[in-house]
Asker: 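Quick one: this structure, given as structure tokens, is what I'll be asking you about.
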Amino acid sequence: MGSSETQVGIVGAGPAGLLLSHLLHQNGIHSIVLEVRSRAYCEERVRAGVLEYTSVELLRGAGVAERLDREGLLHGGIELGLDGERHRIPFAELTGKCVTVYGQQEVVRDLIRRRLADNGDLRFECGDVSLQQIDSGRPWIRVERDGQVDEVRCDFIAGCDGFHGISRASCPPGAFEIFDRVYPFAWLGILAEAAPSRDELLYMHHERGFALYSMRSPQITRLYLQCAPEENIDKWSDDRIWSELHTRLACSDGWKPTEGRILQKGITGMRSFVVEPLQYGRLFLAGDAAHIVPPTGAKGMNLAFADVHHLAKALHAFYRKADETRLREYSNTCLQRIWNAQRFSWWMTSLLHRFEQESPFDRRRQLAELRYLMSSRAAATDLAENYVGLPLEACIG
Ligand code: FAD
Ligand code: DHB
């Protein structure tokens, strides 16, 4: 049995765990990151793609945005589609801010490279990981790796292991209050080797279900289709996917998505979920381990970054000035932003998807809301302000 010592034991090398480790390092705080998957798996996992203005500022401030600044695609707006007509929501004009399209796996790649260049302790391919004595002053993490058991002793544990991780589940029943909503649909997402034929994202409302036109680079398109939660991906041939995309994204001006080889496809369920508080004893939860949102508002990764920004600041105050105030306030500070993003993601989802059980009244109300959004500067500003991201420090509660 081996033994390691660190100040902060971080479970999970996703965006939350990696950025936290980097921010702590910049403040002279040592951490060890424990990840069950391989480095290649983490770097290739295709997920989110839109970075809020706020997240870009955070990554820039942390000195890890060099490639993001070079390769990220700056978007000054999105388009909403209804009845084949597109309507632009001009973020830059309404808020003075833009979002950046840059794949989550690229952010992960940049962070891993930087942590390793700074001699960071990242341990991939851990076997069984379990949290011990989290309600004591000196918790530890038991890790099986390369046939050996290691004890990682730390002052604090950061649970950054995503929705299906073990951190949240390691706490006793009743440690958290749970807020949960499951949606009656999912997204079928593809990554295609096709040059984007639009400059901005198109969120399309359609009788047959929602469709989203997005991109990753000047060569790669990312597209999504609303589907049933139990949909079998094997029943979706490439031809069927393209045909459905053409139907739903069809525009009256004749625009259509450019087809290309499908590089990857998958189905993602839609859920809103929050635990309160984000702390149990010496365990602090961050990112998807504590909350998930339906992807419509593109908030998942951004929320994870905001959490670890606050956690790094709180840990810095603790180590530098023995001040625990920020650690005590960590959960409440994050929850303001989390609930705002929950509201926004739920609202975007409700606005754009077809609900099987909807009444004729609900349908008319949904269409009225979409048309209002397309005709009112005030309504469009509400969407724009939330989409580009609220400031990290002063969040509307
Ligand atoms: P994660 O990225 O989930 O990272 C957690 C890490 O912990 C993983 O590397 C995991 O392997 C590791 N881990 C798990 N269990 C353990 C353990 N026991 N021990 C050690 N390590 C462990 N958001 C959007 O905005 N748009 C999208 O299109 C979008 N698509 C998504 C598609 C999918 C399939 C999923 C699951 C999420 C998607 N999201 C999307 C959400 C977004 O990707 C997440 O919000 C973001 O990844 C959160 O980062 P995180 O670091 O908190 O968690
Ligand atoms: C993407 C994902 C989203 O959830 C979204 O709202 C916009 C874009 C994307 O993967 O590109």
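Order of appearance sets the numbers: ligands from 1, and atoms from 1 within every ligand. The figures that follow rest on heavy atoms only: side chains count, while hydrogens, waters and symmetry mates do not. Along the sequence shown, the residues carry numbers beginning at 1. These figures come from a predicted structure and were not determined experimentally.
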Asker: Name the closest protein heavy atom to atom 24 (C) of ligand 1, giving the residue it belongs to and the distance to 0.1 Å.
Answerer: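 Atom 24 (C) of ligand 1 sits closest to the protein heavy atom Ala48 CB, 3.2 Å.
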
Asker: Can you sort out which atoms of ligand 1 are near Val11, meaning under 4.0 Å from one of its heavy atoms?
Answerer: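 Per the distance check, 19 (N), 20 (C).
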
Asker: Closest non-hydrogen protein atom to atom 18 (N) of ligand 1, residue and atom name please, with distance?
Answerer: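 Ranked first by proximity to atom 18 (N) of ligand 1 is Ile166 CG1, 3.2 Å.
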
Asker: Which atoms of ligand 1 sit under 4.0 Å from any heavy atom of Gly300?
Answerer: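 Once the distances to Gly300 are compared, the set is 25 (O), 45 (O).
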
Asker: In terms of residue, atom name and distance, what is the protein heavy atom nearest to atom 28 (O) of ligand 1?
Answerer: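 Result: Tyr224 OH, 2.9 Å.
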
Asker: Enumerate, atom names and distances included, each donor-acceptor pair closer than 3.5 Å involving a side-chain atom of residues 127-135, sequence neighbours excluded.
Answerer:
from: Ser130; atom 1: OG; to: Gln132; atom 2: NE2; distance (Å): 2.9

Asker: Have Trp236 and Glu231 got a donor and an acceptor in their side chains that come within less than 3.5 Å?
Answerer: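 Yes - a donor-acceptor pair under 3.5 Å links their side chains.
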
Asker: Which protein non-hydrogen atom lies closest to atom 17 (C) of ligand 1, naming both residue and atom, and how far is it?
Answerer: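 For atom 17 (C) of ligand 1, the nearest protein heavy atom is Val36 CG1, 3.7 Å.
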
Asker: How close do Asn302 and Val50 get, counting heavy atoms only, and between which atoms?
Answerer: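 Closest heavy-atom pair between Asn302 and Val50: ND2-O, 3.0 Å.
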
Asker: If we set the cut-off at 4.0 Å for heavy atoms, which region of Val293 has an atom near ligand 1: side chain, backbone, both, or neither?
Answerer: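 Neither part.
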
Asker: Using modelled atom types only, decide if a donor and an acceptor are shared between the side chain of Gln26 and the backbone of Ala62 within a distance under 3.5 Å.
Answerer: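 Between the backbone of Ala62 and the side chain of Gln26 there is a qualifying donor-acceptor contact (under 3.5 Å).
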
Asker: Counting heavy atoms only, which of Glu52, Arg37, Gln104 is nearest atom 42 (C) of ligand 1?
Answerer: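 Looking at heavy atoms only, the winner is Gln104.
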
Asker: Taking distance alone, with no angle check, do Ala16 and ligand 1 share an N/O pair under 3.5 Å?
Answerer: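 So ligand 1 has an N or O lying under 3.5 Å from an N or O of Ala16.
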
Asker: Of the protein's non-hydrogen atoms, which lies at the shortest distance from atom 35 (C) of ligand 1, and what is that distance?
Answerer: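 Its nearest protein heavy-atom neighbour is Arg47 NE, 3.4 Å.
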
Asker: With no hydrogens and no angle check, just 3.5 Å: does a side-chain donor-acceptor pair link His309 and Glu393?
Answerer: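 Yes - a donor-acceptor pair under 3.5 Å links their side chains.
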
Asker: Identify, by atom number and element, the atoms of ligand 1 in contact range of Gly162, meaning under 4.0 Å from any of its heavy atoms.
Answerer: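 Heavy-atom distances to Gly162 below 4.0 Å select 3 (O), 5 (C), 53 (O).
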
Asker: Could you check whether the rings of His353 and Trp187 sit parallel, tilted or perpendicular, using 30° and 60° as the cut-offs?
Answerer: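 His353 vs Trp187 ring planes: parallel.
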
Asker: Which protein heavy atom lies closest to atom 20 (C) of ligand 1, and at what distance to 0.1 Å?
Answerer: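 Result for atom 20 (C) of ligand 1: Leu34 O, 3.4 Å.
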
Asker: Contact between ligand 1 and Arg45 is defined here as a heavy atom of the residue under 4.0 Å from a ligand atom; is it met?
Answerer: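 The answer is yes: ligand 1 sits under 4.0 Å from a heavy atom of Arg45.
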
Asker: If you measure from atom 25 (O) of ligand 1 to every heavy atom of Ala13, Ala298, Ser170, which option wins on shortest distance?
Answerer: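 Result: the heavy atom closest to atom 25 (O) of ligand 1 is in Ala298.
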
Asker: Which ligand 1 atoms are under 4.0 Å away from a heavy-atom of Gly165?
Answerer: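 In order of number, 15 (N).
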
Asker: Ignoring hydrogens and geometry beyond distance, is a side-chain donor-acceptor pair present between Asp239 and Ser237 at under 3.5 Å?
Answerer: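 The answer is no; no qualifying pair exists.
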
Asker: Could you tell me, atom by atom, which parts of ligand 1 come under 4.0 Å of a heavy atom of Lys299?
Answerer: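 Contacts of ligand 1 toward Lys299, numbered from 1: 25 (O).
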
Asker: Taking the six-membered ring for Trp, is the centroid-to-centroid distance between Tyr53 and Phe91 below 6.0 Å?
Answerer: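 No, the ring centres sit 6.0 Å or more apart.
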
Asker: Among the heavy atoms of Phe163, does any lie under 4.0 Å from an atom of ligand 1?
Answerer: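 It does not; every heavy atom stays at 4.0 Å or beyond.
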
Asker: Any sub-3.5 Å donor-acceptor pair from Thr6's side-chain atoms to His30's backbone N or O?
Answerer: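 Checking the backbone N and O of His30 against the side chain of Thr6, a donor-acceptor pair under 3.5 Å is found.
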
Asker: Can you see which heavy atom on Met374 is nearest to which on Leu80, and at what distance?
Answerer: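 Closest approach of Met374 to Leu80, heavy atoms only: CE-O, 3.7 Å.
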
Asker: Report each N/O pair between ligand 2 and the protein that falls under 3.5 Å, naming both atoms.
Answerer:
from: ligand 2; atom 1: 4 (O); to: Pro295; atom 2: O; distance (Å): 2.5
from: ligand 2; atom 1: 6 (O); to: Tyr203; atom 2: OH; distance (Å): 2.6
from: ligand 2; atom 1: 6 (O); to: Pro295; atom 2: O; distance (Å): 3.1
from: ligand 2; atom 1: 6 (O); to: Thr296; atom 2: O; distance (Å): 3.0
from: ligand 2; atom 1: 10 (O); to: Arg216; atom 2: NH1; distance (Å): 3.4
from: ligand 2; atom 1: 10 (O); to: Arg216; atom 2: NH2; distance (Å): 2.7
from: ligand 2; atom 1: 10 (O); to: Tyr224; atom 2: OH; distance (Å): 2.6
from: ligand 2; atom 1: 11 (O); to: Ser214; atom 2: OG; distance (Å): 2.6
from: ligand 2; atom 1: 11 (O); to: Arg216; atom 2: NH1; distance (Å): 2.7

Asker: I'd like to know if the side chain of Arg181 pairs up with that of Thr349 as donor and acceptor (distance under 3.5 Å, no hydrogens or angles considered).
Answerer: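 Distance-only check fails for Arg181 and Thr349.
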
Asker: Which atom names give the shortest non-hydrogen contact between Ser21 and Arg115, and what distance separates them?
Answerer: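 Distance-wise, the nearest heavy atoms are OG-NE, 2.8 Å.
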
Asker: Going by the order shown, which atoms of ligand 1 are within less than 4.0 Å of some heavy atom of Thr268?
Answerer: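 Within the 4.0 Å cut-off of Thr268, ligand 1 contributes 32 (C), 33 (C), 34 (C).
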
Asker: Measuring to protein heavy atoms, does anything land under 4.0 Å from atom 51 (O) of ligand 1?
Answerer: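 So atom 51 (O) of ligand 1 has protein heavy-atom neighbours under 4.0 Å.
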
Asker: Is there a side-chain hydrogen bond (donor to acceptor under 3.5 Å, both in side chains) between Gln226 and His206 once you walk through the steps?
Answerer: CA-CA 10 Å; Gln226 175 182 352; His206 193 275; over 6 Å; no

Asker: Within this structure, what is the CZ-CG distance for the pair Arg39 and Leu116, rounded to the nearest 0.5 Å?
Answerer: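 Here the rounded value is 5.0 Å.
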
Asker: Where is the tightest heavy-atom contact between Ile241 and Leu225, given as atom of each residue plus distance?
Answerer: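 Smallest interatomic distance, heavy atoms only, reads O-CD1, 4.2 Å.
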
Asker: Can you tell which part of Val129 has a heavy atom less than 4.0 Å from ligand 1: side chain, backbone, both or neither?
Answerer: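 Within the 4.0 Å criterion, Val129 contacts ligand 1 through side-chain atoms alone.
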
Asker: Taking all heavy atoms of Cys98 and all of His75, pick out the closest pair and write down the distance.
Answerer: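 Minimum heavy-atom separation between Cys98 and His75: CB-O, 3.4 Å.
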
Asker: Indicate yes or no: does an N/O atom of Glu35 lie under 3.5 Å from an N/O atom of ligand 1?
Answerer: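 Looking only at distances, the answer is yes, because the N/O contact criterion of under 3.5 Å is met.
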
Asker: For ligand 1, which atoms sit closer than 4.0 Å to a heavy atom of Gly287?
Answerer: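 Reading through ligand 1 atom by atom, the close ones are 52 (O).
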
Asker: Closer than 4.0 angstrom: is that true for some heavy atom of Pro15 and an atom of ligand 1?
Answerer: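 For ligand 1, residue contact (heavy atoms, under 4.0 Å) with Pro15 is present.
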
Asker: Counting heavy atoms only, which of Cys160, Gly12, Ala304 comes nearest to atom 5 (C) of ligand 1?
Answerer: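 That would be Cys160.
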
Asker: How far is atom 48 (C) of ligand 1 from its nearest protein heavy atom, and which residue and atom name does that atom have?
Answerer: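 Of every protein heavy atom, Asp288 OD1, 3.3 Å lies nearest to atom 48 (C) of ligand 1.
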
Asker: Considering only non-hydrogen protein atoms, determine which one is nearest to atom 14 (C) of ligand 1 and report residue, atom name and distance to 0.1 Å.
Answerer: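 Going by distance alone, atom 14 (C) of ligand 1 is nearest to Asp161 O, 3.2 Å.
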
Asker: Donor-acceptor pair, Glu43 side chain versus Val108 backbone, under 3.5 Å?
Answerer: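 No, Glu43 side chain to Val108 backbone: no donor-acceptor pair under 3.5 Å.
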
Asker: Atom CD1 of Ile338 and atom CD1 of Ile292: how far apart are they, to the nearest 0.5 Å?
Answerer: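 It is 12.5 Å, given to the nearest 0.5 Å.
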
Asker: Which heavy atom of Glu52 sits nearest to which heavy atom of Tyr387, and what is that distance?
Answerer: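 Looking at all heavy atoms of both residues, the closest pair is CG-O, 3.8 Å.
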
Asker: Do Leu315 and Phe284 have side-chain heavy atoms sitting under 4.5 Å apart?
Answerer: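 Not touching, per the 4.5 Å side-chain cut-off.
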
Asker: Of the backbone atoms (N, CA, C, O) and the side-chain heavy atoms from C-beta on, which set of Tyr41 has a member under 4.0 Å from an atom of ligand 1: side chain, backbone, both, or neither?
Answerer: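 For Tyr41, there is no contact with ligand 1 at all, from either part.
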
Asker: Please classify the Ala289 to ligand 1 contact at 4.0 Å (heavy-atom distances, strictly less than): side chain, backbone, both or neither.
Answerer: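 No part of Ala289 is near ligand 1 at this cut-off.
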
